[in-house]
Every structure is written in C-alpha cells, then in structure tokens.
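Each residue takes its place number in the sequence, starting with 1. Quick caveat: nothing in here was measured; it's all calculated off a predicted structure. Computed over heavy atoms, backbone and side chain alike; hydrogens, waters and symmetry mates excluded.
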Amino acid sequence: MAYTNKFQQLADAARARISEVQPAEVDALMQNGAVALDIRDKEEHDLDHIPGSLHISRGKLEMNIEGVIPDLDTTILCYCNAFNRGALSADTLRSMGYKNAKLIAGGLKSYRALGS
C-alpha cells in the first residue's frame, strides 16, 4: 500500500521512539502476562488475528484503552498488518503513560510467517 509522505514520516518517527519485539517472542511474552493488542479495523481482526489478542481499533484506542487495560505497567504488544499503525499506537500508549507499550516487528504478517 502506498502511503503519503507525511503519514510515513509520522509513522517512522513513532517507530523510532518505541521498542519492538520480534514475532518469535510474542507467544512466550503472552504466556508471561503481556497483552497482544490488535489495533486494526474490526473487519481485519475478524479475518485473522493473534490468538488471545485483544482488539481495539486505532480510531478508538485513546478512548477505550483505560477501560480495557487499566494497569499502566502492563506489557502491551501492539500490532497491525506490518508496522505503521502498530508503531503509532505503541507511541500513543507510551505518551498516555503505558511504559511497556511495544510494537510487534512486522505485525501479523511476520507473526504468521513463523507458521503461528
């Protein structure tokens, strides 16, 4: 998908401010209490998602996150299809005080490429 320059710059800047976890780490992190957060649209989530993940679309993230994950120390693994929306979401969550908001590098596509 072709993105506008300004959107891509915004997403790249967000990605530079956050930490990433590798897709191979996701299952173990979730077993230890991390929450995988699918920020894609409902239609995307309904088609496929990481088992056990929560869903809050990017458009409603700031409004709904505190009701779903009230603990600011929770490790949150944000993901989209690849990088951009997940990076923007993790960056937003960090600015809201979620110290352990991270991006799953490569998103759902990279997670699925592992055969998961």
Side-chain angles (χ1 to χ4, degrees):
M1 171 178 263
Y3 300 112
T4 66
N5 287 336
K6 288 184 183 195
F7 171 78
Q8 193 61 61
Q9 289 171 356
L10 186 66
D12 290 345
R15 192 169 171 202
R17 290 188 294 266
I18 59 169
S19 298
E20 296 183 1
V21 299
Q22 295 305 307
E25 300 173 273
V26 171
D27 292 339
L29 288 168
M30 289 178 66
Q31 288 174 356
N32 288 316
V35 175
L37 181 62
D38 185 349
I39 56 79
R40 301 171 306 144
D41 294 335
K42 182 183 182 323
E43 298 79 21
E44 293 172 289
H45 177 80
D46 289 348
L47 286 174
D48 190 20
H49 56 273
I50 294 173
S53 64
L54 296 178
H55 174 253
I56 302 175
S57 66
R58 175 76 185 105
K60 298 196 175 187
L61 181 64
E62 295 85 351
M63 293 183 292
N64 295 333
I65 191 66
E66 291 176 276
V68 178
I69 304 174
D71 184 354
L72 297 176
D73 291 323
T74 301
T75 298
I76 303 173
L77 311 175
C78 296
Y79 74 94
C80 58
N81 286 323
F83 289 100
N84 293 328
R85 292 178 290 170
L88 290 166
S89 297
D91 190 44
T92 295
L93 291 174
R94 288 184 54 81
S95 73
M96 292 177 72
Y98 289 90
K99 301 181 258 321
N100 299 308
K102 302 173 188 304
L103 170 67
I104 298 175
L108 184 62
K109 289 180 181 180
S110 292
Y111 181 81
R112 287 293 179 223
L114 296 173
S116 300

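Atom CG in Asn84 sits 6.5 Å away from atom CG in Asp12 (nearest 0.5 Å). To the nearest 0.5 angstrom, Ser89 atom OG is 9.0 Å from Ile18 atom CD1. Atom OG1 of Thr92 is separated from atom OH of Tyr98 by 12.0 Å, given to the nearest 0.5 angstrom. With rounding to the nearest 0.5 angstrom, the CZ atom of Arg94 is 11.0 Å from the CD1 atom of Ile76. In this structure, the separation between CG on Asp91 and CE on Met96 is 12.0 Å, given to the nearest 0.5 Å. In this structure, CD on Gln9 lies 8.5 Å from OG1 on Thr4, to the nearest 0.5 angstrom.
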Hey, mind stepping through Phe7 and Leu88 against side chain to side chain contact (heavy atoms under 4.5 Å, CB included) and telling me if it holds?
CA-CA 10 Å; Phe7 171 78; Leu88 290 166; 3.6 Å; yes
Taking it one step at a time, do Ile69 and Leu54 satisfy side chain to side chain contact (heavy atoms under 4.5 Å, CB included)?
CA-CA 10 Å; Ile69 304 174; Leu54 296 178; 4.1 Å; yes
Quick one, His45 with Ser57, criterion side chain to side chain contact (heavy atoms under 4.5 Å, CB included). Give me CA distance, side-chain angles, the key distance, then yes/no.
CA-CA 9 Å; His45 177 80; Ser57 66; over 6 Å; no
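With Asp38 contributing its side chain and Arg40 its backbone, the two residues share a donor-acceptor pair below 3.5 Å. Under a 3.5 Å cut-off, the side chain of Arg15 and the backbone N or O of Leu10 do not form any donor-acceptor pair.
A salt bridge does not link Glu25 to Lys102: none of the charged nitrogens lies less than 4.0 Å from a carboxylate oxygen.
Nearest approach of Gly86 to Cys78, heavy atoms of both residues: O-CB, 3.7 Å. Across all non-hydrogen atoms, the minimal contact from Tyr79 to Ala36 is CE2-CB, 4.2 Å. Residues Ile39 and Cys80 come closest through the heavy atom pair CD1-CB, 3.9 Å. In this structure, Leu103 and Ala87 approach most closely via the heavy-atom pair CD1-N, 3.6 Å. Taking each heavy atom of Leu77 and Met30 in turn, the nearest pair found is CD1-CG, 4.4 Å. Scanning both residues, Asp71 and Asp73, for their nearest heavy atoms gives OD1-N, 2.9 Å.
Here the options are Lys42, Glu44, Glu43, the test is side chain to side chain contact (heavy atoms under 4.5 Å, CB included), and the partner is Asp46; only Lys42 passes. Partner of Leu37 under the side chain to side chain contact (heavy atoms under 4.5 Å, CB included) criterion, chosen from Ile104, Val68, Leu93: Leu93.
Residue Asn5 qualifies as open at atom CG: its count of foreign heavy atoms under 6.0 Å is 12 or below. By the neighbour-count criterion of 12 heavy atoms within 6.0 Å, atom CD of Glu62 is densely surrounded, having more than that number from other residues, nucleotides or ligands.
Val21 and Leu108 fall within the same hydrophobic cluster, defined by Ile, Leu, Val, Met, Phe, Trp and Tyr side-chain heavy atoms under 4.5 Å apart, directly or through other members.
Defined by atom type and a distance below 3.5 Å, a donor-acceptor pair is missing between the side-chain atoms of Gln31 and Asp27.
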